[in-house]
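Notes to accompany the following structure.
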Amino acid sequence: MLQPYACSPAQSRGRRHAEAPAPTRSDFQRDRDRIVHSTAFRRLVYKTQVFLNHEGDLFRTRLTHSLEVAQLGRSIARTLGLNEDLVEAIALAHDLGHTPFGHAGQDALNECLLAAAPESGGFEHNLQSLRVVDKLEERYPDYDGLNLCFETREGILKHCSAANARRLEAREPGGVGRRFLERMQPSLEAQLCNLADEIAYNAHDVDDGVRSGLLSLEQLEEVPLFRRFLREALEKHPALKGRRLLFESIRRMLSEQVYDVLRATGRALAAAAPADVDAVRHARPLVLFSAAMSEEGVALKRFLRDNLYRHPQVADTTGRAKDVIRELFAAYQAEPPAALAIDGDLPRALADYIAGMTDRFALREHERLTGRRLFD
């Protein structure tokens, strides 16, 4: 049962290329299925979340992260009366444009693209995810990309600079770039995916950080949000320790964040009383944490930044990963790969090619081109 402010496929703004409806699936279900069958989606299994693929088999990858975001998003959407299929499609596609080596790869590729073509606007992984589904996937005879619905594409484009939004608007007037120029909100389903993304990566980065040995439960007791649920777990299960204690603490933290979103969003929706999707776009953000939970979440993110993402071991890996990207870009500039389809814009074509690589393919290519192995 969808609420009136939820996105209904029957009222979708449609696809860029008209298609007959599927006989057994809604348009948003069809989008989800196209994403799952895409080449870019399969590549996520070997793309870094925080820890590189070779560092261990049990760390999150972009694929497992996307699945966790989808699971959280669906659960919240069902309770709020939002469109689960749209939430799932957005969640599964939101990282399709991510580079190998996570944010380190993105930063290096942005530097390379801006140096080679300052007018390009650089590299944004959200914009690249949109580019993947709009242009780079090659599956259908009549058009490039996956030809997804407007609402799915809008949700994929979580962030966008004003300059790139203007470029999008010039190519697609009134399209997915418009809201960034007019300071409007996306659908509630898109807002929900943004929050589910945050909930997922905070929780699994805690898990992966402890698994890696870079974080300890003793350190995490410094974080009010985690400490609260660690103590709850020990009150309920005094003998609990090790990984079971970690998992139980994370489980409780995840559950409370979900319930907090449901409560805070319920209050925001009741106060704003949006009549339809258009009213949502002109309101303030309506899918949100309570002020208290938001503050605790910021403290957790700050802790992860200082103790995990900037840990010397992670920083060393990050530095070498950036070298791989920079040196690949330089080598391909000097001699573009034969497999590369160039439509006159070599820097952008190189960015597309490198962003589409998995970690392990990028490392193999780097070693082939430079003769150096930067990771064991």
Side-chain angles (χ1 to χ4, degrees), residues 40 43-57 59-63 65 95-129 131-132 136 161 201 205 208-209 211-215 304-340 342 345-376:
R43 287 179 179 141
L44 296 180
V45 71
Y46 289 117
K47 288 196 174 189
T48 294
Q49 183 65 28
V50 174
F51 296 94
L52 270 63
N53 180 253
H54 74 277
E55 294 182 276
D57 292 338
F59 294 123
R60 267 65 171 198
T61 66
R62 289 286 161 189
L63 180 62
H65 165 68
D95 269 353
L96 291 181
H98 235 301
T99 60
F101 315 125
H103 288 281
Q106 172 185 264
D107 292 344
L109 192 53
N110 181 54
E111 293 168 10
C112 292
L113 188 53
L114 284 174
E119 75 287 351
S120 67
F123 183 90
E124 295 179 355
H125 81 265
N126 286 281
L127 191 61
Q128 188 70 12
S129 295
R131 186 169 169 81
V132 167
L136 299 181
S161 67
Y201 69 65
D205 287 356
D208 284 352
R211 182 182 295 278
S212 71
L214 303 185
L215 297 180
L304 290 170
R305 179 198 65 196
D306 294 342
N307 294 278
L308 181 61
Y309 310 144
R310 293 181 179 174
H311 189 283
Q313 183 175 315
V314 174
D316 175 64
T317 300
T318 295
R320 285 182 284 164
K322 287 183 176 181
D323 288 342
V324 170
I325 298 298
R326 293 187 189 109
E327 292 173 19
L328 279 176
F329 196 95
Y332 289 148
Q333 269 190 302
E335 186 175 347
L340 190 62
I342 303 170
D345 185 350
L346 177 61
R348 178 59 67 182
L350 294 181
D352 289 340
Y353 188 59
I354 293 171
M357 292 179 176
T358 62
D359 292 13
R360 60 182 188 173
F361 182 78
L363 291 174
R364 284 200 303 266
E365 275 290 275
H366 180 266
E367 186 175 357
R368 180 182 70 82
L369 292 167
T370 68
R372 297 189 300 124
R373 178 178 293 183
L374 296 185
F375 295 94
D376 295 328

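Quick note: residue numbers are just sequence positions, from 1. We use all heavy atoms of the structure for the numbers below, so side chains are in, but hydrogens, waters and symmetry mates are not.
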Is a donor on one side and an acceptor on the other found under 3.5 Å between the side chain of [X] and the backbone of [Y]?
{"X": "R62", "Y": "K47", "result": "no"}
{"X": "D359", "Y": "F101", "result": "yes"}
{"X": "R348", "Y": "S120", "result": "yes"}
{"X": "R131", "Y": "G97", "result": "no"}
{"X": "N307", "Y": "L215", "result": "no"}

What's the spacing between [X] [atom1] and [Y] [atom2] if we round to 0.5 Å?
{"X": "T48", "Y": "R360", "atom1": "OG1", "atom2": "CZ", "result": "12.5 Å"}
{"X": "R310", "Y": "L304", "atom1": "CZ", "atom2": "CG", "result": "12.0 Å"}
{"X": "L328", "Y": "C112", "atom1": "CG", "atom2": "SG", "result": "9.0 Å"}
{"X": "M357", "Y": "L109", "atom1": "CE", "atom2": "CG", "result": "10.0 Å"}
{"X": "Q106", "Y": "K322", "atom1": "CD", "atom2": "NZ", "result": "10.5 Å"}
{"X": "D306", "Y": "H311", "atom1": "CG", "atom2": "NE2", "result": "12.5 Å"}

Any side-chain heavy atom of [X] within less than 4.5 Å of one from [Y]?
{"X": "R372", "Y": "E327", "answer": "yes"}
{"X": "T99", "Y": "F123", "answer": "yes"}
{"X": "F375", "Y": "T317", "answer": "yes"}
{"X": "Y332", "Y": "L369", "answer": "yes"}
{"X": "H98", "Y": "H103", "answer": "yes"}
{"X": "V50", "Y": "F59", "answer": "no"}
{"X": "T61", "Y": "L44", "answer": "no"}
{"X": "D352", "Y": "L136", "answer": "yes"}

With a sphere of 6.0 Å drawn around CZ of R305, does it hold more than 12 non-hydrogen atoms of other residues, nucleotides or ligands? yes
Practice item. May I ask you to check whether over 12 heavy atoms, not counting those of E335, lie within 6.0 Å of atom CD? Key: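 Not buried by this count: 12 neighbours or fewer within 6.0 Å.
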Indicate the atoms forming the closest heavy-atom contact of [X] with [Y], along with that distance.
{"X": "P100", "Y": "A355", "answer": "CD-O, 3.8 Å"}
{"X": "I325", "Y": "G105", "answer": "CG1-CA, 4.0 Å"}
{"X": "A349", "Y": "L340", "answer": "O-CD1, 3.5 Å"}
{"X": "G121", "Y": "L114", "answer": "C-CD2, 3.9 Å"}
{"X": "V324", "Y": "A362", "answer": "CG1-O, 4.0 Å"}
{"X": "Q333", "Y": "L350", "answer": "CG-CD1, 3.6 Å"}

(request) Establish, from distance only, whether the side-chain atoms of Y353 and E365 form a donor-acceptor pair under 3.5 Å. (result) no
Taking atom types as modelled and ignoring hydrogens, do the side chains of E124 and N110 form a donor-acceptor contact shorter than 3.5 angstrom?
no
Next on the checklist: For R320 and D323: C-alpha separation, side-chain torsions, deciding distance, then whether salt bridge (Lys or Arg N to Asp or Glu O under 4.0 Å) applies.
Outcome noted: CA-CA 5 Å; R320 285 182 284 164; D323 288 342; over 6 Å; no
